[in-house]
Amino acid sequence: MSTTKKNLSQLRAAIDEVDRELLALLNRRAGFANEVGELKRAEGSPVFRPEREAQVINTLQAANQGPLKSENVATIWREIMSACRALEAPLRVAYLGPAGTFSEQAAVQFFGSSIEHVPCVNFDEVFHAATAGTADFGVVPVENNSEGVVTRSLDLLLQSPLHIVGEVSLLVRHHLLRLSNSLEGIEVVLAHPQALAQCQGWLTKHLPNAERRAVSSNAEGARLAATNPAWAGIASERAASEFGLHVAVHAIQDDAFNRTRFAVICLPQTLQAPQASGRDCVSLIVSVPNRPGAVHDILVPLKQHGVSMTRFESRPARSGQWEYYFYIDLQGHPSQPHVAAALKDLQSLCAFYKVLGTYPVGE
Ligand SMILES: O=C(O)C(=O)C[C@]1(C(=O)O)C=C[C@@H](O)C=C1
C-alpha cells in the first residue's frame, strides 16, 4: 500500500523542479544551436534544414515511452527547433496577410512560431518577396479539397524561379464573424473568393439575401466586418480575436473535412531540394506536343518504372491555341533509381519540362 502519494502542492513543487531542469537543458541545447549557427555562417550553408528537423522528431517519437502522445512530441520539438533556429538567424516568411489568415497559420505550422512574419497583400507579392529577398520563404495555398486548385498560385509557380521545398496541409474551418452574435440583419458577407465558394451551400441556405463580396483575404473581410454591424466576415477564430468580433456561427464550410494544401517556396540558393525523407514527392509542370495520344504517352514511363502519380491538373497555356500545362505530383525522390529513370524518360517526351520541387510529403 502506497503511503507516499503526493498532495497538490508537492506535485506542483515536483513540476517546478522538472521545469527548472528542462529550462537548463533547453538552454544548453540552444547554446549548441548557436554554435551550429556560427559554423553555418562560416561556410555559408542554410540555417533551415527540414530533413534534419524531421530526423530529430522521428528519432524522438520512436524513443517516446509516453505518457506524452507522439503528436505532442512533434509539436513540442517543432517549437523548440523553431526557437533554436531563430537564434542562428531570423527566418522571414511571406504569406497572404494580414494577421489571422489561414496562410499565416500554415506558415506557423510549418516553421514553428519563432519566425519573422512578412504579411503580403496578394499571392503575387508573396512570390515577389521570396524572389527579391525581402523574405527567405513564402507560403502559398495551392489546392483545396472541395474547391480544387488555387489557379493564381499555380500560374505564378510556372513563371517563378522559386522552387517548392515543403508542403503543409491545414484543416480549414470557416466561421461567420460579426460584431453581434446573431444572424439578424446581415446585408453583406465579405471573404476571399475561395472561402465564399467553400461556404456557398451554407450561405444560400441561411443568408440567401446577403450580398457576397469578394475581398483580398478572409482576414481583410473580418477587419471590414468590424467596421459595420450589417457586415459579416468568413474567417478563422484567430481573426475573430484579432478584430474583436463574435463567432456568430462555427464551421460554416460545406465540407466538414475542408483541407487546404500550402506550398513552401524559396529560391534554390536559400535552400536546395531536401534530401530523401522516406515519404517524398516530386512536383513538375510539363507540356506535350499537340498531337493525338501525347498526354497518354507521358503516363507510360510512370507505369513502366512503377512510379505513382498523386496529382494531375491542367492549366491553359494562354498561347492562343488549345494548349495546356500539366501539373503533376509523383511519389518518391529523384535519388531513387526508379524515380530518376521515370523522370528522364518523361522529360524526353515533353515540349516543356520544369521540376517545381522535391520535398517531404506534408502531414
Ligand atoms: O542541426 C542543425 O543544422 C541545426 O541548425 C540545429 C537545428 C535544431 O534545433 O535541432 C535547428 C535548425 C535546423 O533547421 C535544424 C536543426
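The residues of the chain are indexed from 1 along the displayed sequence. Indexing begins at 1, ligand by ligand and atom by atom, following the structure's order.
- Of all protein heavy atoms, the one lying nearest to atom 1 (O) of ligand 1 is Arg52 CG, 3.5 Å.
- Residue contact check: Lys40 has heavy atoms under 4.0 Å from atoms 2 (C), 3 (O), 4 (C), 5 (O) of ligand 1.
- A salt bridge is defined here as a Lys NZ or Arg NE, NH1 or NH2 lying under 4.0 Å from an Asp or Glu carboxylate O, and Asp254 with Lys205 fails to meet this definition.
- Counting atoms of ligand 1 from 1 in the listed order, those under 4.0 Å from a heavy atom of Phe48 are 14 (O).
- When Ile80, Val47, Leu91 are checked for heavy-atom proximity to atom 13 (C) of ligand 1, Val47 turns out nearest.
- Those atoms of ligand 1 with a heavy atom of Val36 less than 4.0 angstrom away are 2 (C), 3 (O), 4 (C), 5 (O).
- You'll find the ring centres of His338 and His305 outside the 6.0 Å limit.
- Taking every non-hydrogen atom of Glu88 and a distance limit under 4.0 Å, the qualifying atoms of ligand 1 come out as 4 (C), 5 (O), 6 (C), 11 (C), 12 (C).
- Proximity of the aromatic rings of Phe110 and Phe137 is defined here by a centroid distance below 6.0 angstrom, and this criterion is not met.
- Below 4.0 Å from some heavy atom of Cys84 lie the following atoms of ligand 1, by number and element: 9 (O).
- Between Tyr359 and His163, the ring centre distance reaches or exceeds 6.0 Å.
- Atom 9 (O) of ligand 1 has Arg29 NH1, 2.8 Å as its closest protein atom, hydrogens excluded (heavy atom only).
- At the shortest separation from atom 15 (C) of ligand 1 among protein heavy atoms lies Glu53 CG, 3.6 Å.
- Side chain to side chain, Asp345 and Ser348 fail the donor-acceptor criterion of an N or O pair below 3.5 Å.
- Aromatic rings of Tyr325 and Phe352 (six-membered ring for Trp) have centroids within the 6.0 Å cut-off, being under it.
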Next item on the list: List the steps and the verdict of side chain to side chain donor-acceptor pair (under 3.5 Å) for Glu184 and Ser182.
Entry: CA-CA 6 Å; Glu184 291 295 299; Ser182 78; 5.7 Å; no

